[in-house]
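Structure provided below as structure tokens; questions to follow.
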Amino acid sequence: MTGTVRLLVGTTKGCFILTANADRAGWSLSGPFCDGWPINHAIGRAADGMLWAAGGNDWVGAGVWRSPDGGETWSLTRFSSGYSDVWIAENPEFAAQLGLQPRPPAAFGNEVDAIWSLASQGDRLYAGSKPAELFLSTDTGETWQKVTGLHDHPSKQGWEPGAAGLTLHSIVTDPEDAAKLWVGISAAGVFATEDGGKSWERRNRLANGNARGDTETALCVHHLERAPAANGVGRDLLYQQNHQGTFRSSDGGRSWQDITAGLPSDFGFPIAVDPHDPATIWVMPLNGDMVGRYPPDAAAAVWRSCDGGASWGACREGLPGRNCFFTVLRQAMATDRGRPTGVYFGTNSGSVFASRDGGDNWAEIARHLPTVLCVETIEGAPTGA
């Protein structure tokens, strides 16, 4: 592995960047960036140093921050206004004393509460929001348009919010086919397009003969990932961590197989897939929806499968073995492309853990951060900020 590895860590108080050399040791921290906004998701592009960070709340509104220089400088594209805009308009003199000026109207008025997810595919940049909408930019995030095909889906009136609201939190692209896209919505399920977003199919059916006896997965998808095409496995292999289990689909989501058996819980938020091996996946089970949402028995473990979910094993070395009550949220686990694969996750208690050997051993590489909402990797990027 050559160059640098950078982790984009979105938190409730801005975006941070963790940087290490090729050995993935000796991590340094910079930030916070993005004016302390809550950052639900951040992604980057190693080739040119472009970074994007998405988030917002009722006070600041919703938007996507952009950095063209690896984090040195940032600018904001606003999707919606917040209560702060109202306050500035009603208190112009006091606001001016604080250095605050009225801002131009946001692109989508008050339609969007926050941006929850980002994905890049060629010259197309996607953003998912709360309430659930999908947006597209073809100018690196400077301007955006709503993907009307999903907005107009005939099932939309029946979409129900999850505990965090009706959110489009997962966007999955196919690097070899820009027309294919999958999204995960809580709590409406998985949707797919194969014509660039013009039309969408809802894909939540369980495979025939499943042990649950149900006809479809629970609609509260927590995280959706696409596996790489490798080792003779096709390009439409998907995994999802759901509110009620972990699932695999070998046909692009047209049917799902329950692979929860062997895990200590059917509840969890993140799932990550090895970029070299489509059969290797990692999840972080939590003890249940109504009993705390922390690791079972208060002992942290990342659970790994090397056979596509047919069997599971716990990876605990270096993780807190007792009195551990943190939560790992849906966007807060990622992998790098090293060999062996590096795996990373962040916690709501402000720690980031890293494994340089596919989960066998773990080390805490940052602590005392704000609540971690997302972790994503960039490799070979400039050191930037």
Value rounded to 0.5 Å, distance of CG in L219 from NE2 in H243 |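 It is 12.0 Å, given to the nearest 0.5 Å.
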
F191 versus H153: any side-chain heavy-atom pair under 4.5 Å?
-> yes

Taking only residues two or more places apart in sequence, or in another chain, which ones meet R103 in a side-chain hydrogen bond (donor to acceptor under 3.5 Å, both in side chains)?
->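 Expected list: S84, D85.
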
Is there a side chain to side chain contact (heavy atoms under 4.5 Å, CB included) between F247 and V221 once you walk through the steps?
-> CA-CA 10 Å; F247 298 87; V221 181; over 6 Å; no

So, the side chain of R330 versus the backbone of G268: is there a donor-acceptor pair under 3.5 Å, distance only?
-> no

Would you please name every residue forming a side chain to side chain contact (heavy atoms under 4.5 Å, CB included) with L100, sequence neighbours left out?
->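 In terms of side chain to side chain contact (heavy atoms under 4.5 Å, CB included), with neighbours along the sequence ignored, L100 is linked to W87, I88, A95, L98.
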
Would a hydrophobic clustering, with Ile, Leu, Val, Met, Phe, Trp and Tyr connected at side-chain separations under 4.5 Å, put V60 with L76?
-> yes

Got a salt bridge between K180 and D195, using NZ or NE/NH1/NH2 to carboxylate O under 4.0 Å?
-> no

Would you check, one step at a time, whether the test side chain to side chain donor-acceptor pair (under 3.5 Å) holds for T148 with D152?
-> CA-CA 6 Å; T148 56; D152 296 334; 4.6 Å; no

Please lay out, stage by stage, how T140 and R66 fare under the test side chain to side chain donor-acceptor pair (under 3.5 Å).
-> CA-CA 8 Å; T140 70; R66 299 183 301 142; 3.3 Å; yes

Just by distance, do the side chain of T371 and the backbone of N348 share a donor-acceptor pair under 3.5 Å?
-> yes

Which atoms form the tightest heavy-atom contact between H41 and S117, and what is the distance?
->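 So the minimum-distance heavy-atom pair works out to ND1-CA, 3.5 Å.
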
Would L136 end up clustered with V172 when hydrophobic side chains under 4.5 Å apart are linked, directly or stepwise?
-> no

If you take all heavy atoms of P285 and A301, which pair is closest and at what distance?
->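 Shortest heavy-atom contact: CD-O, 4.1 Å.
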
With a 6.0 Å cut-off on ring centres, are W362 and F345 close enough?
-> yes

Can I get a per-line list of side-chain donor-acceptor pairs under 3.5 Å for residues 157-165, giving both atom names and the distance, sequence neighbours left out?
| unit_1 | atom_1 | unit_2 | atom_2 | d |
| --- | --- | --- | --- | --- |
| W159 | NE1 | S155 | O | 3.3 |
| W159 | NE1 | S155 | OG | 2.9 |

Taking F269 as the fixed residue, which of H223, H169, H222 is the one that meets the ring-ring contact (aromatic ring centres under 6.0 Å, His included) rule?
-> H222

Apply salt bridge (charged side-chain N to carboxylate O under 4.0 Å, His left out) to the pair E376 and R6, showing each step before the final yes or no.
-> CA-CA 8 Å; E376 292 286 358; R6 309 181 80 199; over 6 Å; no

Side-chain contact, heavy-atom cut-off 4.5 Å: L150 with V183?
->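 With C-beta onward as the side chain, the pair touches.
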
Set of residues satisfying salt bridge (Lys or Arg N to Asp or Glu O under 4.0 Å) with respect to K13, sequence neighbours excluded |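 Partners of K13 by the salt bridge (Lys or Arg N to Asp or Glu O under 4.0 Å) criterion come out as none, since no residue qualifies.
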
Look at atom CD of E201 and say whether more than 12 heavy atoms of other residues, nucleotides or ligands are closer to it than 6.0 Å.
->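 For E201, atom CD is crowded (more than 12 foreign heavy atoms under 6.0 Å).
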
Are the aromatic rings of Y126 and F135 close, with centres under 6.0 Å apart?
->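 Y126 vs F135: aromatic centres not under 6.0 Å.
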
Report yes if the side chains of H151 and K156 come closer than 4.5 Å at any heavy-atom pair, otherwise no.
->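 SC-SC contact between H151 and K156 confirmed.
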
N91 atom CG, neighbour heavy-atom count above 12 within 6.0 Å |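 Yes, enclosed.
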
Identify the heavy atoms of G358 and W282 that sit nearest to each other, and give their distance.
-> O-NE1, 2.8 Å

Side-chain donor or acceptor of D35 paired with backbone N/O of W37 under 3.5 Å =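 Side chain of D35 to backbone of W37: no pair is present.
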
Going by heavy atoms in the side chains, are R226 and W182 under 4.5 Å from each other?
->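 Sidechains of W182 and R226: in contact.
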
Does the pair R203/E194 count as a salt bridge with the N-to-O cut at 4.0 Å?
->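 Salt bridge present between R203 and E194.
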
Please determine if E216 and R202 form a salt bridge, counting it only when a charged side-chain N lies under 4.0 Å from a carboxylate O.
-> no

For the residue pair R248 and Y239, what are the closest heavy atoms and their distance?
-> NH1-OH, 3.3 Å

Would you find a donor on one side and an acceptor on the other, under 3.5 Å apart, between the side chain of N204 and the backbone of V190?
->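 Present.
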
For residues W144 and I115, determine if any side-chain heavy atom of one lies less than 4.5 Å from a side-chain heavy atom of the other.
->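 Answer no - side chains too far apart.
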
For the hydrophobic clusters of this structure (ILVMFWY residues joined by side-chain heavy atoms under 4.5 Å, transitively), does one cluster hold both L125 and V112?
-> yes

Below 4.5 Å, heavy atoms only, C-beta onward: do N242 and W256 meet side chain to side chain?
-> no

Between S349 and S351, do the side chains contain an N or O donor and an N or O acceptor separated by less than 3.5 Å?
->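 Not at all, the side chains of S349 and S351 share no donor-acceptor pair under 3.5 Å.
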
Using the salt bridge (charged side-chain N to carboxylate O under 4.0 Å, His left out) rule, take D360 and R304 through it: C-alpha gap first, then chi angles, then the decisive distance, then the call.
-> CA-CA 9 Å; D360 288 343; R304 177 178 61 198; 2.9 Å; yes

When clusters are formed by joining ILVMFWY residues with side-chain heavy atoms under 4.5 Å apart, either directly or through shared neighbours, do L51 and I39 land in the same one?
->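 L51 clusters together with I39.
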
Tell me, with the steps shown, if T12 and L373 meet side chain to side chain contact (heavy atoms under 4.5 Å, CB included).
-> CA-CA 7 Å; T12 53; L373 303 177; 4.1 Å; yes

So how far is it from I185 CD1 to C220 SG, rounded to the nearest 0.5 Å?
->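 Separation between the atoms: 11.5 Å.
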
Going hydrophobic residue to hydrophobic residue with side-chain gaps under 4.5 angstrom, can you get from V328 over to I271?
-> no

Indicate, with yes or no, if the rings of W65 and W52 have centres closer together than 6.0 Å.
->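 No; W52 has its ring centre 6.0 Å or more from that of W65.
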
Specify the closest pair of heavy atoms between L286 and P295, including all atoms of both residues, with the distance to one decimal.
->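 Heavy atoms only, the tightest pair is CD2-N, 3.9 Å.
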
Can you check side chain to side chain contact (heavy atoms under 4.5 Å, CB included) on N287 and S265, steps first, answer last?
-> CA-CA 6 Å; N287 65 356; S265 168; 5.8 Å; no

Can you check whether A299's main-chain N or O pairs, donor with acceptor, with D297's side chain at less than 3.5 Å?
->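 Absent.
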
Closest heavy-atom pair and its distance - M333, P270 | CB-CB, 3.7 Å

For residues L118 and I171, determine if any side-chain heavy atom of one lies less than 4.5 Å from a side-chain heavy atom of the other.
-> no

Qualifying residue, where the test is side chain to side chain contact (heavy atoms under 4.5 Å, CB included) with L7 and the options are L29, I378, D336, I365 =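 The passing option is I365.
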
Within a strict 4.5 Å, meaning less than it, do heavy atoms of the F326 and R293 side chains meet?
-> no

Output the distance between atom CG (N21) and atom OG (S28), rounded to the nearest 0.5 Å.
-> 8.5 Å

With D251, which residues qualify under salt bridge (Lys or Arg N to Asp or Glu O under 4.0 Å), at least two apart?
-> none

Give a yes or no on whether the backbone of D266 and the side-chain of T260 come within a donor-acceptor separation of less than 3.5 Å.
->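 Not at all, since once roles are kept as given, no pair shorter than 3.5 Å links the two residues.
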
Take N361 and S355 through the test side chain to side chain donor-acceptor pair (under 3.5 Å) and record every step on the way to the result.
-> CA-CA 6 Å; N361 297 276; S355 171; over 6 Å; no

Apply side-chain hydrogen bond (donor to acceptor under 3.5 Å, both in side chains) to T173 and list each qualifying residue two or more places apart in sequence or on a separate chain.
-> none

